Each structure stands twice: as C-alpha cells, then as structure tokens.
Amino acid sequence: MRHSKSMYWKLSAYFFFFFFTWSASYSLFSIWLGQEISLNGAETGIIFTVNAIFALCMQPLYGYISDKIGLKKHILFLISGLLLLVGPFYIFIYGPLLQYNVFLGAVVGGLYLGVSFLAGIGAIESYVEKVSRKYDFEYGKSRMWGSLGWAAATFFAGQFFNINPNINFWIASVSAIVLFIIMMTIKVEMTESEMERAESINFKQVGSLFANKHFWFFILYVLGVTCIYNVYDQQFPIYFSSTFSSTALGNQVYGYLNSFQVFLEAGMMFLAPFIVNKIGAKKGLILAGFLMAFRIMGSGLVIGPYGISAMKLIHALELPIMLISVFKYLAANFDTRLSSILYLVGFQFTSQVGASIFSPIAGTLYDIRGFSNTYVLMGIFVFAFTTISIFTLKRDPKNLNKLDPKPNSHIEPA
C-alpha cells in the first residue's frame, strides 16, 4: 500500500511537469505562429497537419513497443530527454526555419513535436494507466495533476508572451529538467508473469484487432467526435483574442481563461472516474460527445468574449469524462495486453488522422467563412456522429471495474 502511494505521487509529479513543459511551450502555439512568425490561417493549418502526420507515424510504433516492453520505462526516458531541448529548439531552430521556409520548418518542427509531445503524451498516458491498474489507484486522479501542470503554466503564459515569447520557451526547458529528474526516480516492478505476457505479443494479435467490428466502431467514434476537439482548439486562441480591443489584451485574458479551464478540468479528472463507473464507459463517451457538440456549436452562436469564454469552459467537463471513458471502454472490451496499441492506435493515431484531414479544411474555412460559421458546422458534425455512436458502440460488460489481473510473484525492477 505504501509503495502504491509512492508510485502514485511520482507519476502524478511526472504528469504535472510534463504538462507544465508542454503548456509553457505550446498553449499559445497558434498565436505564436500568427503574431510572431506571421503565418495566415491556411499556413497555420498546414503546420498542424504536418505535426499530426509525424505524430501518427510515431503512435503505432510507440504503442507496439510499449506493450512489448511492458512496464519498463524506456520510452519515458526518450521523451524526457527530448524535452530538455524544447526551449533552444523553438528559439534557435523552429522559429527561424519557419520564417525562412514554411514547409521546411513544418517538417523539422513536426518531427520534434510529434515524437516528444503529440505522440509522446499518448505513450505516457497509456504507461501510467497500466501502472495504475497494477498498483491499484485510479488513473484519473493521477492524470488530474497533468491538468494542474498545464493550468499553472498557462496562467502566466499570456503575460510572458506579451513581454517576450522566448520566456515561455526557457521556462519549459527548466521544467523539463525537473521532469527528467523525477523520471529517474521511478522504479516499476514487473513479475515474471507480466514480462511473459508482454513478450507474448506479436503482429498477428495486433492484426486481429482490425478484424474486430467493435474496434472499427470505436474508430468511427474517434474520427467523428474526439478528433474534432483538437481541430477546434488549434486556432481558437486567434479567434478569442480577435474579440478584444487589442491582441495583447486578448492574449493575456486567454491565458487566464485557459488556466481557469484547466483548473476546472483537474477537478473533473478527480470526479470523472466516479461518474464513468456510475454510468458506464459507453454512456460516458456519448455524454462527452454531446457536450462537445454543444460547446463547439455554441462557440459559433454566442457573441462577445463572455459568451465565448462560457462555451470554452465546457471543455473542462467534457475532456475528463471522455478520457476516462476511453481507457475504461478499451480495457473492458479488448485484450489488456494490447492496451497501449489500443489507446495509441485506436484513439491517438485515429485522432491524428482525423486532424490531418480536417485541419487544412478548417483553416481554409476560417479564412473564407469565418470562425463562427465554421464552428457551427463542426458542432453539427460532432452531434451527428455522437448520435450514430449510440447504436454502434458496444454495451459495457457487467465487470467494468475488474479489468486486469495483478500477479505478484518473482518481482524484478523495470
């Protein structure tokens, strides 16, 4: 029990500083591209598309390796090491390359951001979820600290950006140093049985997933629902700041709003496991989908910063329910030996495929039709696919919370 608490706090701290690093360097990414690098909506859409392509190339690889090595922390070591370079990369490599040539900068930036953050987060989340089942603590309560880390960095990001955007990038690098130190203290124990289960995974078992109709129905939900919230968030800061008398004021207020939203999200991360355990994983996915449709459509219908802010804050209710429901749905309906592949391919990879398709479309629509009209169309799209998923997602099994055995003999450190 004592070791379980120690593991919970170490992984929670890892989540906190990973998200702090990510938020400091990325929460105002679209504003940085627009105001500092001077890219238009379509060019910004291309950047996000390239980022998504690199992320989706890494996600299947991360998923297979993660399941094959079990609870060993090799991937965490790689990601943590890359994050040490985040500040110098943005300041001395990424920004200058984008100003020299958008496509060259997009490729170099996509490679780094895809491997470290955009695919890395899925690998980290699936790793912590596995450990949470082994050490018997709720994943959502650990993931909550990630939301707090994001909020803590975002709270000051807008102010620092107005002074000098590079301040945020240097803060991210300092946070990454703390992250790396925490990672070195994490020692997860693996039994011989757990190592054998991990090593037994092969490509035939992975391939069998694609013959399972329920896996494809889950992918349909991800393509039609969850990937849209990423597309919505990409250029939302630009739209939000445009509703203020000056972009500098808009940037600052957006930092406060985003920080407040993520603090609310952290609280919901604590409550979401109780909600999902009560209503079931399938109903949790459906509830999150309808909340998302309302939020996105509402963003296009309301007027002024107060109404837009209210719509944005619904994200704090929706995301935790969706994330916890995804893990519980996958663990309840598929082989838990493939949990990383299921999450990284079925959820993260599919989300990035959707983002790579919809990002340039959304970027062009923003330039032609405006943000409000585009948001209404996106909200209708999410509503339609959520409704379809009521009939296609698999009903929860009765033993939803009894997902994985925990053998405990012949323990060796990972």
Side-chain angles (χ1 to χ4, degrees), residues 52 56 59 63 122 125-126 129 139-140 209-233 265 268 272-273 275-300 311 314-336 338-339 341-359 361-362 375-401 403:
L56 68 86
Q59 283 158 351
E125 286 180 325
S126 66
E129 193 272 337
Y139 162 81
L209 284 175
F210 296 92
N212 188 328
K213 68 177 183 179
H214 295 295
F215 183 64
W216 285 106
F217 285 143
F218 176 75
I219 284 178
L220 179 67
Y221 172 86
V222 174
L223 278 175
V225 181
T226 64
C227 78
I228 302 300
Y229 86 78
N230 286 323
V231 177
Y232 166 92
D233 282 346
E265 181 183 302
M268 275 301 297
I275 295 172
V276 176
N277 287 339
K278 184 70 174 178
I279 68 175
K282 176 181 175 178
K283 289 181 179 178
L285 292 173
I286 300 302
L287 173 60
F290 283 129
L291 284 171
M292 184 189 304
F294 177 78
R295 169 174 65 90
I296 295 175
M297 196 181 307
S299 297
M311 290 296 107
I314 296 174
H315 190 282
L317 304 177
E318 152 210 324
L319 180 62
I321 293 173
M322 176 177 291
L323 190 58
I324 300 304
S325 296
V326 164
F327 276 117
K328 289 186 179 290
Y329 183 86
L330 293 176
N333 293 297
F334 303 97
D335 187 347
T336 55
L338 303 174
S339 60
I341 294 171
L342 285 162
Y343 181 68
L344 280 154
V345 176
F347 182 68
Q348 293 282 353
F349 177 87
T350 304
S351 294
Q352 295 296 340
V353 169
S356 68
I357 296 170
F358 294 124
S359 291
I361 296 174
Y375 286 154
V376 171
L377 292 173
M378 290 167 63
I380 293 172
F381 185 85
V382 171
F383 182 87
F385 272 86
T386 302
T387 302
I388 292 171
S389 297
I390 294 174
F391 306 99
T392 57
L393 290 177
K394 191 175 181 181
R395 184 180 300 176
D396 295 325
K398 293 182 179 179
N399 60 339
L400 178 63
N401 297 314
L403 302 177

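Just so we're clear, the structure is a prediction, and the values are computed from it rather than from any experiment.
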Could you tell me the separation between the CE atom of Met322 and the CZ atom of Phe347, rounded to the nearest 0.5 Å?
6.5 Å
Has Glu265 got a side-chain atom pairing as donor or acceptor with Ala316's backbone, closer than 3.5 angstrom?
no
Shortest non-hydrogen separation from Gly140 to Pro273 and the atoms involved:
CA-CG, 4.1 Å
Show me, pair by pair, the donor-acceptor contacts under 3.5 angstrom made by side chains of residues 215-226, not counting sequence neighbours?
{"from": "Trp216", "atom 1": "NE1", "to": "Phe210", "atom 2": "O", "distance (Å)": "2.7"}
{"from": "Tyr221", "atom 1": "OH", "to": "Leu285", "atom 2": "O", "distance (Å)": "2.5"}
{"from": "Thr226", "atom 1": "OG1", "to": "Val222", "atom 2": "O", "distance (Å)": "3.1"}

From Leu319 atom CG to Leu291 atom CG, the distance as rounded to the nearest 0.5 Å:
11.5 Å
Within the 4.5 Å heavy-atom criterion, are Glu129 and Tyr343 side-chain neighbours or not?
no
Any side-chain heavy atom of Glu318 sitting closer than 4.5 Å to one from Tyr229?
yes
Quick one: do Leu344 and Ser126 satisfy side-chain contact (heavy atoms from CB on, under 4.5 Å)? Show the steps, please.
CA-CA 8 Å; Leu344 280 154; Ser126 66; 4.0 Å; yes
Give the minimum heavy-atom separation between Ser359 and Val231, together with the two atoms involved.
OG-CG2, 4.1 Å
Given side-chain contact (heavy atoms from CB on, under 4.5 Å), test Glu125 with Gln348 step by step and report yes or no.
CA-CA 11 Å; Glu125 286 180 325; Gln348 293 282 353; 3.5 Å; yes
Quick check for you: to the nearest 0.5 Å, what is the distance between Leu323 atom CG and Met268 atom CE?
12.0 Å
Side chains of His214 and Asn333 in contact at under 4.5 Å (non-hydrogen atoms):
no
Which residues pass the ring pair (Phe, Tyr, Trp, His ring centres under 6.0 Å) test with Phe381, not counting sequence neighbours?
Phe358, Phe385
List the atom of Ile321, the atom of Ala288, and the distance in Å for their closest heavy-atom pair.
CG2-CB, 4.4 Å
Can you find a pair of side-chain heavy atoms, one from Ile341 and one from Phe334, that are under 4.5 Å apart?
no
Set of residues satisfying ring pair (Phe, Tyr, Trp, His ring centres under 6.0 Å) with respect to Tyr139, sequence neighbours excluded
Phe327
Is there a side-chain contact between His315 and Met292 in this structure, where contact means two heavy atoms from C-beta onward sitting under 4.5 Å apart?
no
Enter the distance from Ile314:CD1 to Ile296:CD1 here, rounded to the nearest 0.5 Å.
10.5 Å
Identify the heavy atoms of Ile324 and Ala272 that sit nearest to each other, and give their distance.
CG1-CB, 3.8 Å
Quick one: pull up NZ in Lys282 and OG in Ser389 and give me the separation to the nearest 0.5 Å.
9.0 Å
How many angstroms lie between NZ in Lys394 and CG in Asn212, if you round to the nearest 0.5 Å?
7.0 Å
Closest non-hydrogen contact found for Ala293 with Gly379 is CB-O, 3.6 Å
Going by atom types alone, do Ser299 and Tyr232 pair a side-chain donor with an acceptor below 3.5 Å?
yes
Could you pull out the closest heavy-atom pair between Gly354 and Cys227, with the gap in Å?
CA-SG, 3.8 Å
Output, in order, the C-alpha distance, side-chain angles, deciding distance and verdict of side-chain contact (heavy atoms from CB on, under 4.5 Å) for Lys328 and Asp396.
CA-CA 9 Å; Lys328 289 186 179 290; Asp396 295 325; over 6 Å; no
